[in-house]
Number of protein chains: 2
Amino acid sequence: MPTNTNAGSTANGAARPTILDLAAACGVSPATVSNALADKPNVKASTREMVRRKAAEMGYHASATARGLRLGRSWSIGLVVGDIANPFVPEVVRGVEDVVWRARKNLILCNTDFQADKKTAYVRSLLDKNIEGLIVLSQVLSPSDMRLVEAADVPLVTVNRGTPGYTSDYVGIDNHAGVRMAMDYLVGLGHRRIGFIKGLPSSNSALDRFAAYTEAVERHGLDSDPSLVMPGDYDMESGDSGARAIMASAIPPTAIVAANDQMALGALGALHELGLRVPDDVSVVGFDNIQLAAHPLLNLTTINHPKRETGDAAARLLLQRILGKMVDPPRSVVLKPSLIVRGSSGPPKPAPAPKRKKSATAKNKSDQ
Amino acid sequence: MPTNTNAGSTANGAARPTILDLAAACGVSPATVSNALADKPNVKASTREMVRRKAAEMGYHASATARGLRLGRSWSIGLVVGDIANPFVPEVVRGVEDVVWRARKNLILCNTDFQADKKTAYVRSLLDKNIEGLIVLSQVLSPSDMRLVEAADVPLVTVNRGTPGYTSDYVGIDNHAGVRMAMDYLVGLGHRRIGFIKGLPSSNSALDRFAAYTEAVERHGLDSDPSLVMPGDYDMESGDSGARAIMASAIPPTAIVAANDQMALGALGALHELGLRVPDDVSVVGFDNIQLAAHPLLNLTTINHPKRETGDAAARLLLQRILGKMVDPPRSVVLKPSLIVRGSSGPPKPAPAPKRKKSATAKNKSDQ
DNA sequence: TTCTCCTATTAAAACGTTTTTACTTCGGCC
DNA sequence: GGCCGAAGTAAAAACGTTTTAATAGGAGAA
């Protein structure tokens with residue numbers, strides 16, 4: 001019998017057993033237990049078996065904290081989002097979770113509410129916890145936060161929006177192509193006068209989407225009228241007011257493109273309340289293809305944003321960095337948008353038929 | 001000059017400084033540094049200041065892993081959800097995050113996809129990580145998982161669904177009262193024949209909601225017809241098929257109550273496609289009041305489920321247990337539902353007026 | 001002067017692992 | 001019989017903290 005006199009917590013019945021307890025119970029040293037459980041080759045088969053059995057029996061599980069300290073790891077990755085309740089977000093979180101889970105790591109969810117100080121505090125806390133990687137969704141880290149992450153040598157993947165001046169792995173969508181598809185589609189239907197509801201200018205994606213609108217207007221020689229373009233903030237409310245403002249234009253458009261689905265849905269609501277029929281009076285196209293855009297009563301034509309794939313790609317990129325500790329230059333994954341035609345879009349009305357003011361035909365909304 | 005000969009990682013420029021590095025730089029012992037930063041009273045003011053300054057200068061942050069090991073804490077709480085992409089979930093997550101954040105703890109998000117093995121693996125992993133508390137949302141832990149949590153002495157709060165046989169702190173809503181309100185409201189409008197789309201029988205909440213329907217039918221002496229009650233699974237699709245099945249009844253109802261909003265929205269879609277007007281031909285009432293129920297085109301009358309408050313209450317309960325390590329008996333917080341009247345409900349049609357087939361008055365859908 | 005009591009500091013132990021190094025034991029070989 | 005290598009195990013160091021117990025240096029009292 002070995003001389004291991006473990007005066008450990010064997011008295012305390014409830015506390016979880018440590019490797020010392022297990023070693024004592026097995027009559028071997030902690031080192032051997034560790035090696036046995038880790039399947040190291042230098043431990044006799046019979047010993048390994050008995051350790052295994054005893055471990056299961058006692059319900060021994062190694063403390064992740066202790067291992068983490070010793071190994072310098074944490075098996076945690078941080079995920080910083082602005083607002084988890086935004087319907088776009090959970091879908092990409094789902095994609096991230098899936099691959100992170102398969103890598104046997106955990107996800108620490110940080111909801112910043114877009115507050116700079118909360119963001120900073122979260123980043124610090126994550127770094128203190130020695131996270132193995134960080135994913136930042138649709139947000140910008142402040143330069144000082146960025147320096148911290150960089151100094152800690154923690155792999156970072158930004159999604160949808162990078163930090164200007166700093167470069168990291170990136171996953172996004174081709175916003176320009178998406179809006180171009182929407183515009184080309186509408187033009188193909190015969191629309192020549194198309195309104196646009198923008199996102200906030202602080203967002204790269206919003207800028208890109210608007211730039212693509214401008215470009216399409218020029219390329220197709222469409223009506224270019226400032227009163228057709230309204231600001232927005234990606235929220236439904238602003239889609240509502242934006243649509244109202246656009247339709248109040250001297251010559252209203254026959255179609256409206258919104259920089260995201262929530263604004264498009266807001267526009268849909270506004271048009272409905274204005275007594276305008278969609279798509280007969282005006283077509284509406286969104287961007288992102290959030291779940292509810294598919295509902296038969298909303299039936300929104302939109303640009304699909306592969307959300308799950310976005311999360312998936314971000315997590316994959318991150319894991320590669322973590323595992324390989326690669327020093328390759330930062331990579332970008334740019335996903336392809338696609339057009340989803342639904343009932344909110346159609347050809348424009350037969351053109352400005354003569355002069356028939358205030359036609360009393362305000363009826364139902366959509367047909368399809 | 002103290003004899004502290006710290007041969008630490010001062011050579012390595014990049015690595016994050018440890019308390020030894022900081023102590024060396026300050027010319028004091030690690031103990032003093034620790035005490036200074038922790039504002040212990042036994043350190044000279046001038047020393048404290050200089051340690052503070054030097055710490056900021058070097059960017060020293062204590063390793064959470066090391067502190068965690070020493071202090072037996074983790075500053076992490078686990079949150080187990082079934083599907084983060086379900087629109088109900090992010091709202092309560094938001095509520096949880098808010099209070100957890102204020103307590104300076106982190107949230108480890110576990111998405112189980114309702115798979116038993118994934119659930120088990122996540123729980124084990126969380127316990128290994130020494131989480132300080134656990135919140136389980138709309139799910140049941142297996143008895144063996146439950147034993148583990150119990151043995152680890154980790155405070156647990158279940159939300160919306162407890163584990164039968166085990167008792168823990170609990171947060172839920174008065175499902176019965178909610179459906180009763182919906183039914184009483186519809187009866188008040190004059191409805192006597194009301195359909196119901198159920199949730200899965202494996203869910204307590206779904207059972208309660210259905211029980212309340214049955215009870216209301218009896219209490220009010222409403223038509224009790226099995227063909228008015230259809231199974232569902234809380235997904236939109238089943239609301240669609242459920243509504244179709246119900247409307248195929250020999251005598252269709254004048255109103256349908258769905259056990260949650262997603263099924264109600266599915267029903268709305270089905271009715272629309274069947275060419276039935278809401279609420280003129282049939283009223284629809286949901287349960288939960290998810291964000292999109294408020295959209296002007298959906299405009300769903302529903303029972304509000306205080307989602308944010310649910311998360312809030314759950315986290316609060318958990319923190320109390322963590323801080324107080326109370327041994328009080330488990331507590332339950334049962335939130336109050338409330339009726340949100342929107343456009344999808346109204347009085348029934350003037351009754352089976354004589355025989356007037358296919359009245360041509362197909363007009364708009366909602367009023368309110 | 002010597003003893004006592006504070007104050008400020010430090011050495012050392014502890015938290016629970018993993019890994020490197022060292023130590024047995026034993027069989028085979030010269 | 002002594003040496004060597006291999007196999008199996010154990011001791012000890014290390015990861016970065018916090019806390020307990022010990023120590024040094026004065027100040028004041030006897």
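Throughout, protein chains are lettered first and strands after them, A, B, ... in sequence-line order, and every chain is numbered starting at 1. Below, all heavy atoms of this structure are taken into account, side chains as well, without hydrogens, waters or symmetry copies. No experiment lies behind these values; they were computed from the predicted model shown.
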S.K.: Atom NZ of Lys118(A) and atom CG of Asp98(B): how far apart are they, to the nearest 0.5 Å?
M.R.: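 Atom-to-atom, Lys118(A):NZ and Asp98(B):CG are 5.5 Å apart.
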S.K.: Just to be sure I understand the rule, does Leu71(A) reach a base, reach only the sugar-phosphate, or reach nothing, if contact means heavy atoms closer than 4.0 Å?
M.R.: sugar-phosphate
S.K.: Report all interatomic pairs (protein N or O, nucleotide N or O of nucleotides 24-28 of chain D) with separations under 3.5 Å.
M.R.:
none

S.K.: Salt bridge or not between Arg316(A) and Asp312(A)? Use side-chain N to carboxylate O under 4.0 Å.
M.R.: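 Salt bridge present between Arg316(A) and Asp312(A).
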S.K.: Check this one for me: any side-chain N or O of Lys40(A) less than 4.0 Å away from OP1 or OP2 of dT19(C)?
M.R.: yes
S.K.: What is the distance from atom CD of Gln139(A) to atom OG1 of Thr112(A), rounded to the nearest 0.5 Å?
M.R.: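 Taking CD in Gln139(A) and OG1 in Thr112(A), the distance rounds to 3.5 Å.
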S.K.: So, is Thr32(A) near the phosphate of dT9(D), with a side-chain N or O under 4.0 Å from OP1 or OP2?
M.R.: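 Negative; the distance criterion is not met.
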S.K.: Taking DNA chain C as the partner, which of residues 42-51 of chain B come within under 4.0 angstrom of it by heavy atom?
M.R.: Asn42(B), Val43(B), Lys44(B), Thr47(B)
S.K.: Measuring from Thr158(A):OG1 to Leu156(A):CG, what's the distance to the nearest 0.5 Å?
M.R.: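 So the OG1 of Thr158(A) and the CG of Leu156(A) are separated by 6.0 Å.
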S.K.: For the residue pair Asn130(B) / Ser63(A), report whether a side-chain donor-acceptor contact shorter than 3.5 Å exists.
M.R.: no
S.K.: Please tabulate the protein-to-nucleotide N/O contacts below 3.5 Å involving nucleotides 22-27 of chain C, giving atom names and distances.
M.R.:
none

S.K.: Select base, sugar-phosphate, or nothing to describe what Ser63(A) touches, counting heavy atoms under 4.0 Å on all strands.
M.R.: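 The answer is sugar-phosphate, as Ser63(A) gets under 4.0 Å only of primed atoms, P, OP1 or OP2.
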S.K.: Quick one: CZ on Arg161(A) to OH on Tyr170(A), what's the gap to the nearest 0.5 Å?
M.R.: 10.0 Å
S.K.: Quick one about Glu132(B) and Ser76(B) (side-chain donor to acceptor, distance below 3.5 Å, no hydrogens or angles considered), yes or no?
M.R.: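 No pair is found: no donor N or O on one side chain lies under 3.5 Å from an acceptor on the other.
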S.K.: Toward the 5' end of DNA chain D, which comes first, Ala66(B) or Asn35(B), by nearest nucleotide?
M.R.: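 The 5'-side residue here is Ala66(B).
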S.K.: Is any side-chain nitrogen or oxygen of Thr18(B) closer than 4.0 Å to OP1 or OP2 of dG16(D)?
M.R.: no
S.K.: Is it true that a side-chain atom of Asp113(A) and a backbone atom of Asp83(A) form a donor plus acceptor pair closer than 3.5 Å?
M.R.: no
S.K.: Categorize Ala31(B) for me: base, sugar-phosphate, or nothing, with a 4.0 angstrom heavy-atom threshold over every strand shown.
M.R.: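 It contacts base atoms.
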S.K.: In whole angstrom, give the distance that lies between atom CG of Asp21(B) and atom P of dC15(D).
M.R.: 11 Å
